[in-house]
K.L.:
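Attaching a single structure in structure tokens format; questions to follow.
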Amino acid sequence: MSITLYELQPTRSTRARWTLLELGLPYESIEGPEVFAMPELAAIHPLSKLPALRDAGRPLFESAAICNWLADSHPEAGLVAPSGTWARALHDQWVAFTLSEIEAFLWHTARNLFVLPEEERVPAVYPQNEAAARRGLAVLDVHLRDKEWLVEDRFSLTDIFTGYATSWAHWQGMTADLANVTAYVERLQARPLCTYRQDVFGQ
Ligand SMILES: N[C@@H](CCC(=O)N[C@@H](CS)C(=O)NCC(=O)O)C(=O)O
């Protein structure tokens, strides 16, 4: 079994990197800004986005699909609850919530801040996106008021997944009034294999 991860820090590929590290799986890393122009990436991801993965030659894209696949195909590690359990339903809930209620708005701002060509950027979207992301973050803050981790109160793939978006928001200064989310980001950072670092996010 050979795994190849196309990645670039601090993109969403770092979720897949942390997942691989937690699972203790060896993998080949194809990393760097030049990855976006590689035909190998286009052969996996129809939009040439990161992350992208090959597992035993099979192509997979979208960070949620990649992380779930890696954890599901190594159930002995117990990184995610098995399909058909209530804990798995909660994992799926937080992944979907993260993508639609928090990350979509962070990414829309990022696109208008530095991804799109300058003439296409619309700074007017920043406040609206921040307000929307903060609504999602506030939900997490309430959920985390009496627990350390999102599902079954033990560290899991859910935290790797949602933790990326909360760390991103944290370093964008959106969590100052959310004590539980702030403490959550600090707990994630304290984990030995955590790949979410302020020096790469905070640019
Ligand atoms: N929903 C996708 C997002 C993929 C995505 O937009 N990745 C960004 C980096 S974080 C990218 O490749 N951007 C390049 C571009 O937009 O052209 C996922 O979670 O994998």
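Remember, it's a predicted structure, so these values are computed and weren't measured experimentally. Residues take their numbers from the sequence shown, with the count starting at 1. Just so you know, ligand 1 is whichever comes first in the structure, and atom 1 is the first atom listed for that ligand.
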K.L.:
I'd like to know if Glu7 pairs up with Arg17 as an ion pair, taking the criterion as any Lys NZ or Arg NE/NH1/NH2 lying under 4.0 Å from an Asp or Glu carboxylate oxygen.
P.N.:
yes
K.L.:
Can you pull the residues with any heavy atom under 4.0 Å from ligand 1?
P.N.:
Thr11, Arg12, Phe36, Lys49, Leu50, Pro51, Glu62, Ser63, Trp107
K.L.:
Enumerate the residue pairs fulfilling ring pair (Phe, Tyr, Trp, His ring centres under 6.0 Å) with a member in residues 19-65, sequence neighbours excluded, ordered by first and then second residue.
P.N.:
His45-Phe61
K.L.:
Please list, chain by chain and in numerical order, all residues satisfying side chain to side chain contact (heavy atoms under 4.5 Å, CB included) with Glu152, sequence neighbours excluded.
P.N.:
Ala87, Arg154
K.L.:
Just checking, is any N or O donor in the side chain of Ser63 or Arg15 under 3.5 Å from an acceptor N or O on the other one?
P.N.:
yes
K.L.:
Just jot down the ring-ring contact (aromatic ring centres under 6.0 Å, His included) partners of Trp94, sequence neighbours excluded, or say none.
P.N.:
Phe97, His143
K.L.:
I'd like to know if Glu28 pairs up with Arg54 as an ion pair, taking the criterion as any Lys NZ or Arg NE/NH1/NH2 lying under 4.0 Å from an Asp or Glu carboxylate oxygen.
P.N.:
no
